[in-house]
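Below is a structure I'd like to ask you about.
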Amino acid sequence: MTLRSLLVGTGSALPRTAVSNAELAARVDTSDEWIVERTGIRNRYIAQPDETTATLGAEAAKRALEAAGLTPADIGLIIVATATPDNTFPATATKVQALIGTPNCVAFDVAAVCSGFLYAVTVADSMLRTGAAQHALVIGSETFSRILDWEDRTTCVLFGDGAGAIVLSAQDVDAVGHEGPGILTTRLHAEGQYGDMLYVDGGPSTTGTVGHLRMQGREVFRHAVTNLSSVLGEVMADIGIAPSEIDWVVPHQANRRIIDATAKKLGLPAERVVVTVDQHANTSAASVPLALDQAMRDGRIQAGDLVVLEAMGGGFTWGAAVVRL
Ligand code: UT7
């Protein structure tokens with residue numbers, strides 16, 4: 001028997017307001033054609049003042065709990081991956097805890113920007129397997145619209161708001177290798193020397209302001225394809241599988257061209273890659289769990305499937321995980 005973290009439920013939440021490329025082009029010097037051709041994005045959701053990273057995260061968490069057949073009282077660990085917390089402190093995870101009504105538990109945030117969800121899953125998996133809790137909520141939630149410079153067309157068209165959540169449960173599994181359910185491997189990386197290629201130009205300890213997102217898009221694109229291909233190779237080698245054995249890849253949804261280029265490099269057929277960037281744009285730490293929830297609910301991902309999650313973002317940070325449903 002091996003103690004594994006099983007993925008037992010998913011959920012997601014989007015703000016009420018959808019904004020199409022055409023609507024954005026009425027305010028920003030851009031066009032639907034440019035955005036679709038360069039990124040694949042057609043739509044994004046933008047939070048209203050009453051919708052925050054915590055409220056979206058709590059909504060996604062409630063749906064994940066419902067899917068898992070668990071109640072807030074069952075949860076011993078809440079991790080929120082976010083780069084857009086409601087406040088500098090307390091952690092957004094504690095706000096989610098209060099909103100969903102989980103009694104005394106462990107709750108904290110993880111800041112690894114777009115790969116935050118992969119970092120949070122890795123931490124939760126380690127904690128569950130060492131007995132810190134039996135059930136964990138791992139949430140990616142963001143309101144990037146609050147840190148965008150709406151005068152900068154090179155970045156403001158790329159991002160959206162939203163949240164995704166999963167429930168992980170520690171269970172003894174009678175299986176070896178990549179058979180049987182659960183998280184099978186995770187890999188994380190960071191290269192801080194590239195921090196100035198994708199960052200926010202403010203913060204409590206520097207400017208005392210929130211700041212705005214800045215990005216050298218072309219450089220980030222180049223590193224993303226290289227790093228994601230490489231980390232996908234690592235996780236496949238960890239568990240001894242070939243690309244043909246993967247049922248679904250749920251990639252970070254930053255740019256359709258990055259998703260396609262990475263899949264092509266590994267020889268993964270496009271029909272086994274979940275794509276939601278057209279509907280949600282880049283929702284940073286929320287993008288992987290949002291896409292995962294969509295593919296679970298529409299029946300693409302089925303029990304027993306081998307699913308690979310991957311993401312890359314500011315830091316640079318990147319990572320991947322393999323889970324059997
Ligand atoms: O989540 C983590 C990471 N983020 C990413 O993974 C994003 C990675 N980068 C990218 O997705 C792409 O680099 C972008 C979508 C950001 C940009 O695409 P690109 O093909 O690299 O375009 P570019 O930056 O080379 O810009 C091409 C042209 C420029 O005009 P000139 O200099 O060639 O005349 C830009 O000024 O497109 C212009 N441009 C725009 N035009 C219309 C830039 N933004 C816009 C815009 N609308 N919104």
Side-chain angles (χ1 to χ4, degrees), residues 39-41 44 53 57 79-85 92 109-123 138-149 152 154-164 186-203 210-232 234-235 249-259 261-262 274-277 280-292 308-321:
T39 71
I41 297 166
R44 75 281 296 137
T53 297
I79 308 181
V80 174
T82 190
T84 47
T92 301
D109 292 355
V110 161
V113 206
C114 297
S115 43
F117 183 73
L118 270 304
Y119 270 70
V121 163
T122 304
V123 174
V138 185
I139 302 163
S141 187
E142 303 277 19
T143 44
F144 258 50
S145 61
R146 314 273 212 250
I147 56 164
L148 294 175
D149 175 354
D152 176 10
T154 68
T155 54
C156 74
V157 303
L158 304 173
F159 295 89
D161 302 332
T186 62
R187 288 274 188 153
L188 300 175
H189 293 277
E191 284 183 344
Q193 69 269 33
Y194 297 115
D196 59 0
M197 288 188 181
L198 175 50
Y199 69 105
V200 167
D201 62 3
V210 172
H212 291 111
L213 182 146
R214 307 290 173 209
M215 176 166 72
Q216 295 176 36
R218 225 177 288 181
E219 282 304 305
V220 177
F221 189 111
R222 199 169 56 77
H223 283 269
V225 176
T226 306
N227 292 340
L228 290 171
S229 311
S230 147
V231 77
L232 286 170
E234 287 170 27
V235 291
V249 178
V250 184
H252 174 45
Q253 310 286 322
N255 186 320
R256 179 72 203 239
R257 287 157 53 216
I258 296 177
I259 295 172
T262 309
V274 176
V275 178
T276 56
V277 68
H280 305 149
N282 182 349
T283 57
S284 183
S287 92
V288 170
L290 245 172
L292 176 66
V308 178
L309 315 175
E310 49 94 322
M312 142 96 192
F316 289 144
T317 57
W318 67 102

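Heads up: numbering here begins at 1 and tracks the sequence.
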(message) Would you say Ser229 and Thr262 are linked by a side-chain donor-acceptor pair, where the criterion is simply a distance under 3.5 Å?
(response)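 Looking only at side-chain atoms, Ser229 and Thr262 do not form any donor-acceptor pair under 3.5 Å.
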(message) Tell me the closest heavy-atom pair linking Gly313 and Cys114, and the distance in Å.
(response)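 Taking Gly313 first and Cys114 second, the nearest heavy atoms are CA-CB, 3.8 Å.
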(message) Looking only at the side chains, is there a donor atom on one of Glu234 and His189 sitting less than 3.5 Å from an acceptor on the other?
(response)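 There is such a pair between these side chains.
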(request) Quick one: closest heavy-atom pair of Ala190 and Tyr119, and the distance? (result)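 Taking every non-hydrogen atom into account, CB-OH, 3.7 Å.
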(message) For Gly314, is there any backbone N or O sitting under 3.5 Å from a side-chain donor or acceptor partner on Thr317?
(response)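 Present.
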(message) Just verifying a value: how many Å separate Gln216 CD and His223 NE2, rounded to the nearest 0.5 Å?
(response)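 Output value for this atom pair is 9.0 Å.
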(message) If I compare all heavy atoms of Val210 with all of Val200, which pair ends up nearest, and what's the gap?
(response)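 Nearest heavy atoms, Val210 then Val200: O-CG1, 3.2 Å.
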(message) I need the minimum non-hydrogen distance between Thr122 and Leu118, along with the two atoms involved.
(response)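 That closest heavy-atom pairing would be OG1-O, 2.8 Å.
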(message) Set out, in order, the CA-CA distance, both residues' side-chain angles and the distance that settles side-chain contact (heavy atoms from CB on, under 4.5 Å) for Arg214 and Asp149, then state yes or no.
(response) CA-CA 8 Å; Arg214 307 290 173 209; Asp149 175 354; 2.9 Å; yes
(request) Check for a donor-acceptor pair, side chain of Arg44 on one end and backbone N or O of Asp161 on the other, with a separation under 3.5 Å. (result)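 No.
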(message) If we ignore hydrogens and angles and just use 3.5 Å, is the side chain of Asp109 paired with the main-chain N or O of Thr92 as donor and acceptor?
(response)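 Pair found, side chain donor or acceptor close to backbone of Thr92.
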(request) Report the C-alpha separation of Val250 and Val308 in whole Å, then their side-chain angles, then the decisive distance to 0.1 Å, and conclude whether the side-chain contact (heavy atoms from CB on, under 4.5 Å) test is met. (result) CA-CA 6 Å; Val250 184; Val308 178; over 6 Å; no
(message) Main chain of His252, side chain of Ser287: is a donor-acceptor contact present, judged purely on distance under 3.5 Å?
(response)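 Checked: no pair found.
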(request) With side-chain contact (heavy atoms from CB on, under 4.5 Å) as the test, would you mind laying out the steps for Trp318 and Glu191 before giving the verdict? (result) CA-CA 9 Å; Trp318 67 102; Glu191 284 183 344; 3.6 Å; yes
(message) Just so I know, are the side chains of Gln253 and Thr283 near enough to count as touching, which here means a heavy-atom distance under 4.5 Å?
(response)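 Heavy-atom side-chain distance check fails, nothing below 4.5 Å.
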(request) Give a yes or no on whether the backbone of His212 and the side-chain of Asp201 come within a donor-acceptor separation of less than 3.5 Å. (result)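 Present.
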(message) Closer than 3.5 angstrom, by distance alone: can the side chain of Glu142 be matched with the main-chain N or O of Ala83 as a donor-acceptor pair?
(response)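 Yes, because the side chain of Glu142 sits within donor-acceptor range (under 3.5 Å) of the backbone of Ala83.
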(request) Output yes when a side-chain donor or acceptor of Glu310 lies under 3.5 Å from a complementary backbone atom of Ala320, and no otherwise. (result)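 Flag not set: sc Glu310 to bb Ala320 has no pair under 3.5 Å.
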(message) Over 60° means perpendicular and under 30° means parallel, so tell me whether Tyr194 and Phe316 are parallel, tilted or perpendicular.
(response)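 Taking Phe316 first and then Tyr194, their aromatic rings lie parallel (interplane angle under 30°).
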(message) For the backbone of Thr53 and the side chain of Ser141, can you confirm whether one donor and one acceptor N or O come within less than 3.5 Å of each other?
(response)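 Yes; judged by distance alone, with no hydrogens or angles, the pair exists.
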(request) Identify the two heavy atoms, one from His280 and one from Leu290, that lie closest to each other, and give their separation to 0.1 Å. (result)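 Minimum heavy-atom contact is CE1-CD2, 3.8 Å.
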(request) Say whether, by atom type as modelled, one donor and one acceptor occur between the side chain of Thr82 and the main chain of Thr84 under 3.5 angstrom. (result)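 Yes.
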(message) Before you tell me yes or no, could you show the steps for Asn255 and Phe221 under side-chain contact (heavy atoms from CB on, under 4.5 Å), namely the whole-Å CA-CA distance, both residues' side-chain angles and the distance that decides it to 0.1 Å?
(response) CA-CA 9 Å; Asn255 186 320; Phe221 189 111; 3.9 Å; yes
(message) Side chains of Arg222 and Val220, heavy atoms from C-beta outward: is any pair under 4.5 Å?
(response)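 Side-chain contact under 4.5 Å: no.
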(request) May I ask you to test the Phe144-Leu158 pair for a side-chain heavy-atom distance under 4.5 Å? (result)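 Not touching, per the 4.5 Å side-chain cut-off.
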(request) Please say which of Thr39, Ile41, Val275 ends up in a side-chain contact (heavy atoms from CB on, under 4.5 Å) with Arg256. (result)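 That would be Val275; it is the only one of Thr39, Ile41, Val275 passing the side-chain contact (heavy atoms from CB on, under 4.5 Å) with Arg256.
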(message) Side chains of Asp152 and Thr155 only: does a donor on one sit below 3.5 Å from an acceptor on the other?
(response)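 Result is yes, a qualifying pair exists.
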(request) Considering non-hydrogen atoms only, spot the tightest contact between Ala311 and Val288 and give its length. (result)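 Answer, listing the atom of Ala311 first, then Val288: CB-CG2, 4.3 Å.
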